[in-house]
Amino acid sequence: MLALLFQSMRYVFFQELACGMLKYLANNDNHKRKEIAMWPNINRWEHRMNPFAELDRLQRQMNQLFDSTSGRYRVSDFPAINLEGNDEKVHVTAEVPGIDPANLDLSVTGNTLTIKGERADLDQQEGDVLYRQERPVGRFMRTIRLPYEVDNSGIEARYEHGVLHITLPRSESTKPRKIQIQC
Amino acid sequence: MKTQDQLAERHEQGLLENRENESSLPKYVPATDIYERNDRIIVLIDLPGVSEKDVDIDLEDNVLTIKGTTHIVRQEGVDRLYQEFCEGRFERTFTLSADIDRTGIKAKMKNGVLRLELSKAEKAKPQKIAIQAG
C-alpha cells in the first residue's frame, strides 16, 4: 500500500518536473509558439476521446528534447520546415542542403506528409584529418500534419539550392461547400 | 512572460521596419565541416536557399569570410501557418594559417552546400630531408 502511494507520488513528481521543463522551453521559445498557436486544430475531438493523448504528447515532446541533443540521427528537428497555405493548397518548404534529390523520399497519406532521406557521411578517405564536423549526417525522417487531406495526383515537388518546395493541392472532397438555406 | 511577449513583438516590428536594409536580417552561423586531405584543406558549408550569385567570399590578409543571403519568395494569397526558418544572412569567418596558397582557392556551390578547396603553400608541404652519412 505504502509502496503504491510512493509510486504514484513519484509519478506525479515526474510529471510536474516534465511540465515545468516544457513550460520553461515554451517560455523561452515564445515567438515560435505564437505561430504554432495559429495552426488550425482540426483534430480537436481526437484529443478529447483519448485519455492518454496528453501523456502521448508529453512523451513525444520528451523524445524530441533528447533527439535534438543526441546529434547523429535526428528524427524530429531536421529538416527545418515552413508551412504556408490557403483553402486551396498548402506549400511546404524544407531546408535539406547537400542531398541528392534522388535520395529524398516523400510520401503522403491523407493529411500527413513524410519526408525521409539520408545525408551521406563525409566522403572520408584514409589519411584524412578531420578538424571540424558540424553538418548533420545520417538518416532523417519528419512527418508533418497538413491542415486537410490533399490530392495525391496533384502534388508538385522541386529541389532548388538545397531547399525542397512541395505544393499540395487540397482534395476536392474536403473543400468547404456553401450550403444554401431554403426558406 | 509579458516582457517576453513584448520583446518578441518589438523584434518583429524591427524586422518589418528594416526589411529593406539587408544588414538587419537575422544572422546565422552555418554548419561547417573542415578536413584535410593530402595537401588540400576542404571546407564544406551548409547554405540552404542561397544561390551561387548570393555568396560572397572575401579574403583579407589571412581572414576568410563567407557571406550568403537567402531569399524566400513568398507565394501570393497564402497565409503563413508555421515557420521554423526565415530569410536571413549566413556569415562565418575563418582565420587561415599563413601556409595556405592564397591564389589557389577553389569554390563550388552545389545543392545549397559551398565547397571550398584550399591548397597548402609549397613551403608548408612536408619535405623529406635526406641525411647524409658521414
Query - Distance-minimising heavy-atom pair for B:Leu81 and A:Pro147 - result: CD1-CG, 4.2 Å
Query raised in the report: Which heavy-atom pair separates B:Gly49 from A:Val163 by the least distance, and what is that distance?
Result: N-CG2, 3.3 Å
Report task. Enter the distance from A:Arg119:CZ to B:Asp46:CG here, rounded to the nearest 0.5 Å. Result -> 4.0 Å
Query raised in the report: Under the 3.5 angstrom rule, does the side chain of A:Asn82 hit a backbone N or O of B:Phe85 as a donor-acceptor pair?
Result: yes
Report summary line: When the 4.5 angstrom heavy-atom criterion is applied to B:Leu47 and chain A, the contacting part is backbone
**Report entry** Connected via hydrophobic side-chain network under 4.5 Å: B:Ile105 and B:Ile57
**Finding:** yes
Query - Side-chain donor or acceptor of B:Asp33 paired with backbone N/O of A:Glu134 under 3.5 Å - result: yes
Query raised in the report: Which atom pair, heavy atoms only, marks the closest approach of A:Arg142 to B:Glu84?
Result: NH2-OE2, 2.7 Å
Query raised in the report: According to a 4.5 Å side-chain heavy-atom criterion applied to Ile, Leu, Val, Met, Phe, Trp and Tyr, with indirect links allowed, do B:Leu59 and B:Ile34 form part of one hydrophobic cluster?
Result: yes
Query raised in the report: Among residues 149-161 of chain A, which ones touch chain B with a heavy-atom distance under 4.5 Å?
Result: A:Tyr159, A:His161
Query raised in the report: Among residues 175-183 of chain A, which ones touch chain B with a heavy-atom distance under 4.5 Å?
Result: none
Query raised in the report: Are A:Tyr131 and B:Leu114 in one and the same hydrophobic cluster, where Ile, Leu, Val, Met, Phe, Trp and Tyr link if side-chain heavy atoms are under 4.5 Å apart?
Result: yes
Report summary line: Looking only at heavy atoms, the pair that brings A:Pro97 and B:Gly112 closest together is CB-O, 3.7 Å
Query raised in the report: Measuring heavy-atom distances to chain B, does A:Asp100 have an atom under 4.5 Å in its side chain, in its backbone, in both, or in neither?
Result: backbone
Query raised in the report: Hey, what do you get for CG (A:Leu130) to CD (B:Glu36), rounding to the nearest 0.5 Å?
Result: 11.0 Å
Query raised in the report: What about A:Val129 and B:Leu96, same hydrophobic cluster or not, with Ile/Leu/Val/Met/Phe/Trp/Tyr joined at side-chain heavy-atom distances under 4.5 Å?
Result: yes
Query raised in the report: Looking at A:Leu83, A:Asp87, A:Asn86, which hits side-chain contact (heavy atoms from CB on, under 4.5 Å) with B:Val78?
Result: A:Asn86
